[in-house]
There are 2 protein chains.
Amino acid sequence: MNAVGKKTGSEFSERLNTGGFRFTPQRQQVYDVLLQKRDHPTAEEVFIRAKKQMPEISHATVYNCLDALVECGLLRQVQLDRGATRFCPNMREHCHFYCDVCDSVYDVDLPAKSQPGVSLPKGFKAERYEIAIHGVCPDCAKAKMKK
Amino acid sequence: MNAVGKKTGSEFSERLNTGGFRFTPQRQQVYDVLLQKRDHPTAEEVFIRAKKQMPEISHATVYNCLDALVECGLLRQVQLDRGATRFCPNMREHCHFYCDVCDSVYDVDLPAKSQPGVSLPKGFKAERYEIAIHGVCPDCAKAKMKK
DNA sequence: GTCAAGATTTGGAATAATTCTAAATTGTGG
DNA sequence: CCACAATTTAGAATTATTCCAAATCTTGAC
């Protein structure tokens, strides 16, 4: 993996295989869209961007691809507000800052040993943590002050 | 506030007023539904339950009430998966455990000083943290083992 | 108390997000 | 080359949420 977390074609393909999926140009395209602009797009937005390179791609395929990529650990699914689900290709441990004013999303690094020491009742098996910070982004904070 | 976090009628009404809202029987009813069964229902589920006591209540009103109650700090809105938003009347600091198998949600207490020491870049104003733990609940874990 | 203004509710339509379906296409192993 | 399974496609269907205009309710001013 290089500095920006991009995977080579064969790494990408391997990941899919490991998860029981085949490599397809559509899956590659969807993944590329996510890597190209890391603004946590919704499925609809991914569809629009993917269409530019691959005009015949369908809605259902985009959903299928996103699900497959999430399942094999190449993408994360992010749930922030009542709106559409967003997707994120950054698989490092991090959390999301969500601006309640403009709906933008930012990746935020977590301190090294941050796994919150939550103790779960007996029998619960935790698989992953999702931390979202809601607030106001710098741009919107500035805009607010002017008022 | 008593042991289960229930508010008296007047506390409830005050909260609404402070947020700039009026007391209405519908808002009371919606809030009561949330208090009666703390299983993190969706808006649709709240609608169904509220209808039992108040058959004329409408869909739009349930959404309006839920939004009002969230805004004046009587409810929390919980986003866990691609499905509908859920609501939670527990305003103590806690996080949610979501069972990816059966979709059930559990409140999980956070250790006293758990506010993750996330350092936000300059200019970001954090207002609240939402922590979700995804995994498998005891029932589903048991069911899985049998297979 | 009465009236006007503003808040709230209602039912239904509209929109948005996601899933489903059946047929066509593609890729793979035998 | 064939059969089978995975995948894609377009479009319909479903689910979740929001919007809208009309009716109703509440409150403060008089």
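Letters A, B, ... are given to chains in the order of the sequence lines, protein chains preceding strands, and every chain is numbered from 1.
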Sorted by number, residues from residues 39-50 of chain A placing a heavy atom under 4.0 Å from DNA chain D are none
The first and last nucleotides of DNA chain D lying within contact of chain A, meaning any atom under 4.0 Å from one of its heavy atoms, run from dA6(D) to dT18(D)
Using a 4.5 Å side-chain heavy-atom cut-off and chaining through intermediate ILVMFWY residues, the residues clustered with V101(B) come out as V136(B)
In C88(A), P41(A), C65(A), the residue satisfying side chain to side chain contact (heavy atoms under 4.5 Å, CB included) with L34(A) is P41(A)
Looking at R76(A) and D107(A), does any basic side-chain N land under 4.0 Å from a carboxylate oxygen? no
The bend of the helix from dG1(C)-dC30(D) to dG30(C)-dC1(D), taken between the axes of its five terminal pairs at each end and rounded to 10°, is 30°
Next on the checklist: By the 4.0 Å heavy-atom rule, please label A84(B) as base, sugar-phosphate, or nothing.
Outcome noted: sugar-phosphate
Apply the test side chain to side chain donor-acceptor pair (under 3.5 Å) to residues T85(A) and Q79(A): give CA-CA distance (whole Å), side-chain angles for both, the deciding distance (0.1 Å), then the verdict. CA-CA 5 Å; T85(A) 302; Q79(A) 234 39 74; 3.1 Å; yes
- Query: Should the pair D39(B)-R49(B) be classified as a salt bridge under the 4.0 Å nitrogen-to-oxygen rule?
  - Reply: yes
Connected to L80(A), directly or through other members, by ILVMFWY side-chain contacts below 4.5 Å are V78(A), Y98(A), V105(A)
*asked:* Considering every strand and a 4.0 Å limit on heavy-atom distances, what is the contact class for T61(B): base, sugar-phosphate, or nothing?
replied: base
Note to self: Would the distance check show the side chain of R86(B) and the main-chain N or O of H40(B) forming a donor-acceptor pair, the cut-off being under 3.5 Å?
What the structure shows: yes
Quick check on the hydrophobic clustering: are F87(A) and Y63(A) connected, directly or via other members, by side-chain heavy-atom contacts under 4.5 Å?
no
Y106(B)-F124(A) aromatic ring centre distance below 6.0 Å: yes
Per nearest nucleotide of DNA chain C, the residue lying toward the 5' end, V62(B) or Q79(A), is V62(B)
By nearest-nucleotide position on DNA chain D, the 5'-leaning member of G83(B) and F21(A) is F21(A)
Checking all strands, does R82(B) fall into the base, sugar-phosphate, or nothing category for heavy-atom contacts under 4.0 angstrom? sugar-phosphate
- Query: For E14(B), does its backbone N or O pair with a side-chain atom of T18(B) as donor and acceptor, under 3.5 Å?
  - Reply: yes
field: Expected output: side-chain R27(B) to main-chain L16(B) donor-acceptor under 3.5 Å
entry: no
Are L74(A) and V46(A) connected in a single hydrophobic cluster, I mean Ile/Leu/Val/Met/Phe/Trp/Tyr linked by side-chain heavy atoms less than 4.5 Å apart? yes
Judged by nearest nucleotide, the residue sitting upstream toward the 5' end of DNA chain D, C65(A) or H59(B), is C65(A)
So the contacted stretch of DNA chain C, first to last nucleotide with an atom under 4.0 Å from a non-hydrogen atom of chain A, runs from dA17(C) to dG27(C)
Set out, in order, the CA-CA distance, both residues' side-chain angles and the distance that settles side chain to side chain donor-acceptor pair (under 3.5 Å) for E130(B) and H96(B), then state yes or no. CA-CA 8 Å; E130(B) 294 288 346; H96(B) 292 104; 4.9 Å; no
